[in-house]
Number of protein chains: 2
Amino acid sequence: MNKAPRRGRRPGSPDTRTAILDVARRRFLDQGYHAVTLRSVAAEADVDLALISYFFGSKKGLFGAALALSVNPADVVTQVLEGDPATFPQRALQRVLAAWDDPESGPTLLALFRNTMQDDTFAALVKEVVEREIVDRVAASLGGTAARRRAMAFCSQIAGLIATRYLLRVEPMASMSQEEIIRRLGPALRQSLSDPGRTSPQSRPAPLSRRQR
Amino acid sequence: MNKAPRRGRRPGSPDTRTAILDVARRRFLDQGYHAVTLRSVAAEADVDLALISYFFGSKKGLFGAALALSVNPADVVTQVLEGDPATFPQRALQRVLAAWDDPESGPTLLALFRNTMQDDTFAALVKEVVEREIVDRVAASLGGTAARRRAMAFCSQIAGLIATRYLLRVEPMASMSQEEIIRRLGPALRQSLSDPGRTSPQSRPAPLSRRQR
DNA sequence: GACAATATTTCAGTGGTGATGAATAAAGCC
DNA sequence: GGCTTTATTCATCACCACTGAAATATTGTC
């Protein structure tokens with residue numbers, strides 16, 4: 001005669017929160033933010049729609065919780081910076097490629113950045129992190145004249161790699177091996193770390209070029 | 001006793017289509033795709049909501065029509081390619097900066113790219129254009145070994161410039177002058193056009209390095 | 001100028017969305 | 001066993017993009 005409980009807390013201790021999180025994470029990763037509806041997540045997790053609001057406040061909240069960053073960019077930058085300065089560009093490329101090609105962290109980064117472009121609050125956040133945690137710290141490690149701008153040129157190239165290989169998946173960048181990318185982008189990356197001085201933006205008839213490496 | 005016409009075609013020849021287009025364009029440019037509602041556009045243009053569907057089919061259709069591209073990337077690439085090969089990187093930078101800093105075309109490009117990331121159909125389109133109209137044509141103009149991959153490395157750096165300066169607005173890239181950007185990114189850009197050969201991806205003790213510039 | 005064809009406009013929906021608030025029940029605590 | 005906290009359900013809100021039918025103006029044809 002036990003009629004199904006129509007309301008109130010379910011018996012037992014079902015971990016509803018992580019059930020929602022699991023479903024949400026999977027769906028956000030392969031459908032993107034806007035394509036996922038809270039209703040579909042609720043349905044798949046076998047949970048009432050309102051529970052999502054209850055646990056995570058809003059769709060954005062759920063997105064943030066589901067894709068909570070496993071890699072801390074600050075740590076990676078620190079590690080890359082403390083090695084031999086001579087091979088810094090190669091190491092940087094290596095770490096970037098490793099993080100984005102990794103089947104664990106890669107899709108998360110992809111989903112985060114895809115969305116970042118659209119939503120202003122996300123975009124501002126990424127900008128902050130890039131400026132403070134990456135450009136500034138690379139600049140501090142570089143030292144010398146115009147360190148911040150040289151670091152910026154460096155980071156800009158890394159951004160280009162990410163944009164073409166992972167966000168747009170442009171060929172042949174998308175299918176090149178990690179080794180080839182390091183080999184091909186390494187030299188230009190190193191070049192961007194040096195200061196062009198006050199030469200004309202034209203060709204290379206610099207009278208006082210004291211750059212040897 | 002002329003009661004206001006309650007239905008049917010309005011007398012005269014009001015250009016409703018372009019009225020909608022004007023409002024839509026302005027709003028898409030400074031609010032982004034998702035933040036703009038068809039209802040708000042209809043209201044501001046003093047037009048019934050259903051007219052938007054009638055003229056443009058869908059919100060995407062309206063977006064496409066409102067931001068119809070004024071700059072044809074193929075033309076720009078052609079122009080840049082037909083100059084002196086020695087100053088090709090500088091010219092490319094110049095044209096990219098000109099297009100994106102231009103108060104006319106810049107915001108349109110920005111709006112287009114912001115959305116591109118989110119929507120897969122847009123992303124695929126941009127990828128196609130970049131591959132066919134840019135990478136392939138630069139490669140054809142370059143010639144030599146691994147032309148396509150060298151062109152790709154080049155384009156990747158341009159993409160980095162766009163991503164950091166215009167999409168994310170990272171400092172100091174966002175506020176650098178065009179001249180300084182050309183001066184700072186030019187050398188690395190030129191470097192990326194050359195083939196690194198078969199040297200180890202590590203440092204520089206290449207036994208058969210025949211790279212002098 | 002009659003009249004049919006076509007283009008434009010309005011209205012009244014449809015089914016979807018994220019979010020909220022009140023009612024209810026279980027669990028944890030004393 | 002009472003009491004508070006936590007979890008769950010339901011009903012509903014306001015908004016969204018989009019649609020179909022009806023109404024009216026314009027345009028073309030003879």
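Throughout, protein chains are lettered first and strands after them, A, B, ... in sequence-line order, and every chain is numbered starting at 1. The figures here come from the full heavy-atom set of this structure, side chains too, leaving out hydrogens, waters and symmetry mates.
- With 3.5 Å as the limit, one finds no donor-acceptor pair spanning the side chains of B/Ser40 and B/Glu44.
- With salt bridges taken as basic N to acidic carboxylate O contacts below 4.0 Å, none links A/Arg95 and A/Asp75.
- For DNA chain D, the residues of residues 41-52 of chain B within the heavy-atom distance limit of 4.0 Å (strictly under) are B/Leu49, B/Ala50, sorted by number.
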Residues A/Arg137, A/Glu133; criterion salt bridge (charged side-chain N to carboxylate O under 4.0 Å, His left out); working and verdict: CA-CA 6 Å; A/Arg137 303 206 15 225; A/Glu133 302 292 334; 3.5 Å; yes
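- One side chain, A/Glu171 or A/Ser175, offers a donor N or O that lies under 3.5 Å from an acceptor on the other.
- For a distance-only test at 3.5 Å, the side chain of A/Arg39 fails to qualify as a donor-acceptor partner of the base of C/dG16.
- Put simply, B/Thr16 has a side-chain N or O that comes within less than 4.0 Å of OP1 or OP2 on C/dT9.
- The pair B/Asp22-B/Arg17 does not count as a salt bridge, with every side-chain nitrogen at least 4.0 angstrom from each carboxylate oxygen.
- One atom, NE2 of A/His34, and another, P of D/dA17, lie 12 Å apart when rounded to the nearest Å.
- Comparing C/dG18, D/dC18, D/dC16 by their closest approach to the side chain of B/Thr37 singles out D/dC16.
- Among pairs with a residue in residues 45-65 of chain A, those fulfilling side-chain hydrogen bond (donor to acceptor under 3.5 Å, both in side chains) read A/Lys60-A/Asp119, at least two apart in sequence or across chains.
- Distances were taken from every side-chain heavy atom of B/Ser53 (C-beta onward) to each of D/dC18, C/dG18, D/dA17; the shortest belongs to D/dC18.
- Rounding to whole angstrom units, CZ of residue A/Arg27 and P of C/dT17 are separated by 11 Å.
- If you take CZ of B/Phe28 and C1' of D/dA17, they are 12 Å apart, rounded to a whole angstrom.
- A salt bridge does not link A/Arg183 to A/Glu179: none of the charged side-chain nitrogens sits closer than 4.0 Å to a carboxylate oxygen.
- By the 4.5 Å heavy-atom criterion applied to side chains, A/Arg149 and A/Asp195 are not counted as neighbours.
- Between the NZ atom of B/Lys60 and the C1' atom of D/dC16 there is a distance of 16 Å, rounded to whole Å.
- The separation between A/Phe56 atom CZ and C/dG18 atom P is 15 Å, rounded to whole Å.
- Side-chain contact annotation: A/Arg25 with A/Thr108, donor-acceptor N/O pair under 3.5 Å present.
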Show me the protein contacts with nucleotides 5-7 of chain C, counting only N or O atoms at under 3.5 Å.
unit_1	atom_1	unit_2	atom_2	d
C/dA7	N3	B/Arg9	NH1	3.4

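- Spacing between atom NZ of B/Lys59 and atom C1' of D/dC15 amounts to 12 Å, rounded to whole angstrom units.
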